[in-house]
Every structure is written in structure tokens, then in C-alpha cells.
Amino acid sequence: MDSKIEIKVTNPKNGDKVLHSVRPGHATSPSPSSQPSQSSDGRRRRQGQGYGHGEGEGQRNRGREGQQAGRLIDFMPFKKWVPWMIPGFVLVNISLFMITMYINNCPKNSKKCVGSFLGRFSFQPFKENPLLGPSSSTLEKMGALEVSKVVKSRQAWRMISCIWLHAGVFHILANMLSLLFIGIRLEQEFGFVRIGMLYLIAGFGGSILSSLFIQTGISVGASGALFGLLGSMLSELITNWTIYSNKARKIAQKFNSWYAFAALLTLVLVIVINLAMGILPHVDNFAHIGGFISGFLLGFVFLIRPQFGYVSQKKVPPGYIAPSRKPKHKTYQYVLWVCSLILLIAGFAIGLILLLRGVNLNEHCSWCHYMSCIPTPLWSCKNRQVYCQSTEFGKSLNLTCISNGKSEIYPLTEENTSQVQQLCSKLCG
């Protein structure tokens, strides 16, 4: 009797789950799961492996099952999440913009409003806000980023609240379309927890860098958080390179690389457009840069995946054995994870210390302001001069903007010319 039979037990606890590899022409010894059973008509039917003349069909079935298992073990698809958080973020941003416009109530504070038929939802005059939105004083009340309030009044919450506010219709439209385009794909791939944390932390990083360079005026918008998502897409591609390098071959065979090229071109186009907008006047490109750097480092921490070929034993279907045991992550993935985490913690700590000490990094970098605005014959990067009439009575200071006639009363503190100028700029904004 020939004994050239190979038996691989894949689950020792369940003896009925075994794989048999049989040479042609030799019968198998029955296993507990392949004992013949009696059918209702009295004839014997065979289960599991083939016997006698049914051996060829059994081998063909096993061959097909082996090919399917090989494909399953070769690449285990990741779980796809249902995106709900990013659409929720969009709804929150739009709702807050509507609330801001309601509180702004342009007809009550200005003589000429854009879209007066909208009532209290009408927009400030174009000279005051060309983006079709509220006044700067309303945004400040809603939680816009203002360095003086963060440093002196310790209102650090503004560094998070500012990423949910927008200066106008054009502003929120551009940001929300970008958020849907970028965020939904990332949430589908990595889930709402990691993408939500990445969005908030990257937005906070953008606020830190913005506060260190832009000391006057206010800043709002989700651009820093959006650039954080873009940066994380780049670092995710780097840290998970073994997966994409193997997928690229399959994609190239099926789609002639057009799919991968279109995705890359779209990503580059979005980055270029947003960076180009950053060099325009009154656009906070430091928030873009800070968010991008934060998101790039966070991608190595939050978006790391097992290397190509790794199969978790929990994912192996019953009856099969993984052909090889690869480590879950490669060495370079661990190195990038550790280095990025150290840089993130150090960068945020140093940035917050400098900010709370009132440091203006423009004094230590004479050319850095060009990263946010490049002067051209079409526009100037200098802030326009504003003039206010001030009147002191008691412990209050009454400022009246000469250009728009708006007045506001502020508590009188120590006499500080730069602080009064900031208040005047905000009032005339």
C-alpha cells in the first residue's frame, strides 16, 4: 500500500478541518469529515475528498479552492468604513456659517449690504469683505483666531474654534468641496477615529504656526486642517509603499496606469491651487504650511498599515494555512513612526511655549513673510492704513472707524499704541 500522503492540519482543536494533498492514482484514507454517509435512497454518497472514480473531480475542486485561497492569502482587503464624519463636518461648518451670518445682521450695522433681499443674512459690503461674508468683528465674537486674546486673555480654545469658521461664501465653498473630495476617501480607508484626530490636530498645528507669524488681525478657516489631510496622504503613500508598489502592477495591467495617474494628478492639482491661493494677500498661508507639516508627520503615526504579504492568523479562513509568516511592519515603518512622533511632540511644545511668551517669528526671519504673500504689480502685501477716532471716558475707550463709521467700546487698559491699532484694524475690517 502506497503511503505517499501529505496531511496538513490547520486547526488542531477541530480535527474535522484538514487539507489532503494526494498523488494521482492513489486513494485516500478517510478522515472524520470524509466518511461516507447514507442518502435517503439507500445509496452511499461521498463527502469531502474523492474516492475511487470520483478522485479527479475532487482534485479539480481542491485546485479551484486552492487558487481562491491563494488569492485570499496573497492580499487580504482592508475593512471599508462607511464615511459619516466628514459629511458631518461639512454640515457643522455650513451651519456655523449660517449662524454667523444671522448674528452679523448686516442691515443693522452697515448702510450698504450685498444681497439686501436676504435680510439679516445679507453680506457685508465688498470693500469690507470681498468673499461675501460677515464682518471681522462678528467672526471675532464667534471664536476667530486672534493672537492678542490667545496670549493675553489665555483663550487658547480659539486655536481650535477658528477652523470651524469661514470668512465668506467663496471661502467655505472652496474648503468644503476640498474636504469632501479628500476626507471621504481617507475616512473610507482608515475610519472616523484616526481621520477625525488627524483633522483636529493638523488644524491646531496650522493655528500655532499662523499665530507665530501673523500677529495682527484675525484668522479663520479649515484650510490648515485640509492641508493636514493632504500631507497625511503623502506620508501614507510613503509608509505603506510595499502595498502600493504591489498594487500598482495589478492596476497597470487592468487600467493601463490611468487610474493611478489620474489620482496623482488630482492630488497635485489640489495642492498647487491651495498653495497658489496662499500667496495672495489676506490669505493665511502659514496655517496651510503648519497644517501640512503636522498632517505629514501624523500620517506616519496614524495611517501605518501592515506590509504587503502579511496575513493575520485571525483572517485566515478555516481549512487553510498562510504560506509564510511575515512581520506585521517593516523596520522603516517603525523608524518613521518613532521619528514623526518625536518631531510632533517637540514641535508642538516649542511652538506653544514661543506663542505664550508672545514671540513674533517675523523678527527672527526677514524673508518668511514671503511665504504668505508675494507682492506683485497687481496687489500689495502691505496692510491698508486705517484710521479711527478714539475717545476716553472713565475706564472705557470708544473707537470710531473713519472709513465705515462703525463704533465700539473697549475696556481701557494700559496705554498701548499697537493694541489700539489692532482694535482699529478689526473695527474697520
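Computed over heavy atoms, backbone and side chain alike; hydrogens, waters and symmetry mates excluded.
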Going by heavy atoms in the side chains, are His171 and Ser223 under 4.5 Å from each other?
yes
Given side chain to side chain contact (heavy atoms under 4.5 Å, CB included), test Ile103 with Lys141 step by step and report yes or no.
CA-CA 10 Å; Ile103 295 175; Lys141 293 177 183 178; 5.5 Å; no
Flag the pair Glu187 and Arg194 as a salt bridge only when some basic side-chain nitrogen lies within less than 4.0 angstrom of an acidic carboxylate oxygen.
no
Check for a donor-acceptor pair, side chain of Ser122 on one end and backbone N or O of Gly119 on the other, with a separation under 3.5 Å.
yes
Here the pair of heavy atoms bringing Pro107 nearest to Cys113 is N-SG, 3.5 Å
So do the side chains of Val169 and Leu131 get within less than 4.5 Å of each other, counting heavy atoms only?
no
Strictly distance-based, threshold 3.5 Å: is any side-chain N or O of Asn93 a donor or acceptor partner for the main-chain N or O of Phe89?
yes
Report yes if some heavy atom in the side chain of Pro83 is under 4.5 Å from a heavy atom in the side chain of Trp81; otherwise report no.
no
Mind checking the CE-CD1 spacing from Met176 to Ile86? Nearest 0.5 Å is all I need.
9.5 Å
Is there a donor-acceptor contact under 3.5 Å from the side chain of Ser235 to the main chain of Ser232?
yes
Test: disulfide bond (SG atoms under 2.5 Å apart). Region: residues 135-177. Which pairs qualify, not counting sequence neighbours?
none
Do the non-hydrogen side-chain atoms of Met142 and Ile99 ever get within less than 4.5 Å of each other?
yes
For residues 104-160, the ring pair (Phe, Tyr, Trp, His ring centres under 6.0 Å) pairs (sequence neighbours left out) are Tyr102-Phe121
Ring pair (Phe, Tyr, Trp, His ring centres under 6.0 Å) partners of residues 206-226, not counting sequence neighbours, each pair once
Phe213-Phe286
Which pairs of donor and acceptor atoms, one on a side chain in residues 342-361, lie under 3.5 Å apart (sequence neighbours left out)?
residue, atom, partner, partner atom, Å
Asn360, OD1, Asn362, N, 3.1
Asn360, OD1, Asn362, ND2, 3.0

Using the side chain to side chain contact (heavy atoms under 4.5 Å, CB included) criterion, which residues pair with Leu177? Sequence neighbours excluded.
Leu173
Just by distance, do the side chain of Ser340 and the backbone of Leu336 share a donor-acceptor pair under 3.5 Å?
yes
Could you tell me if the side chain of Ile214 sits less than 4.5 Å from the side chain of Ser219, heavy atoms only?
no
Which pair of non-hydrogen atoms, one from Phe170 and one from Leu132, has the smallest distance, and what is that distance?
CZ-CD1, 3.8 Å
For the pair Ser207 and Ile163, evaluate side chain to side chain contact (heavy atoms under 4.5 Å, CB included) and give the outcome as yes or no after the intermediate values.
CA-CA 8 Å; Ser207 296; Ile163 68 177; 4.3 Å; yes
Closest non-hydrogen contact found for Met159 with Ser211 is CE-OG, 4.3 Å
Once rounded to the nearest 0.5 Å, what's the spacing between atom CE of Met371 and atom SG of Cys365?
6.0 Å
Ignoring hydrogens and geometry, is there a side-chain-to-backbone donor-acceptor pair from Asn285 to Tyr370 under 3.5 Å?
no
Atom NZ of Lys152 and atom CD of Glu146: how far apart are they, to the nearest 0.5 Å?
10.0 Å
Ignoring hydrogens and geometry, is there a side-chain-to-backbone donor-acceptor pair from Ser95 to Leu91 under 3.5 Å?
yes
Checking Gln333 side chain against Thr239 main chain: does a donor-acceptor pair fall under 3.5 Å?
yes
Minimal heavy-atom distance between Leu139 and Leu165, with the atoms involved, is O-CD1, 4.0 Å
Any heavy-atom pair between the side chains of Arg158 and Glu140 that's under 4.5 Å?
yes
Working note: Arg185 + Gln188, criterion side chain to side chain donor-acceptor pair (under 3.5 Å); need CA distance, chi angles, decisive distance, verdict.
CA-CA 5 Å; Arg185 177 258 169 187; Gln188 286 176 334; over 6 Å; no
Between His166 and Trp164, the two heavy atoms sitting closest are ND1-O, 4.1 Å
Aromatic contact, Phe192 with Trp84 (centres under 6.0 Å)
yes
Distance-only donor-acceptor pairs under 3.5 Å for side chains of residues 196-203, two or more places apart:
none

Would you confirm whether Asn129, through its side chain, and Ser135, through its main-chain N or O, come within 3.5 Å as a donor-acceptor pair?
no
Spacing of Leu186 atom CG and Met85 atom CE [to the nearest 0.5 Å]
9.0 Å
Answer whether the closest heavy-atom distance between the side chains of Val220 and Leu145 falls below 4.5 Å.
no
Geometric class of the Phe300/Phe296 ring pair [parallel <30°, tilted 30-60°, perpendicular >60°]
perpendicular
Phe97 side, atom CZ; Asn104 side, atom CG - distance, nearest 0.5 Å
9.0 Å
Between Arg305 and Glu189 (salt bridge meaning N to carboxylate O under 4.0 Å), is one present in this structure?
yes
Enter the distance from Ile184:CD1 to Ile182:CD1 here, rounded to the nearest 0.5 Å.
11.0 Å
So Asn175 and Leu179, do their side chains get closer than 4.5 Å, heavy atoms only?
no
Under the 3.5 angstrom rule, does the side chain of Asp284 hit a backbone N or O of Ser210 as a donor-acceptor pair?
no
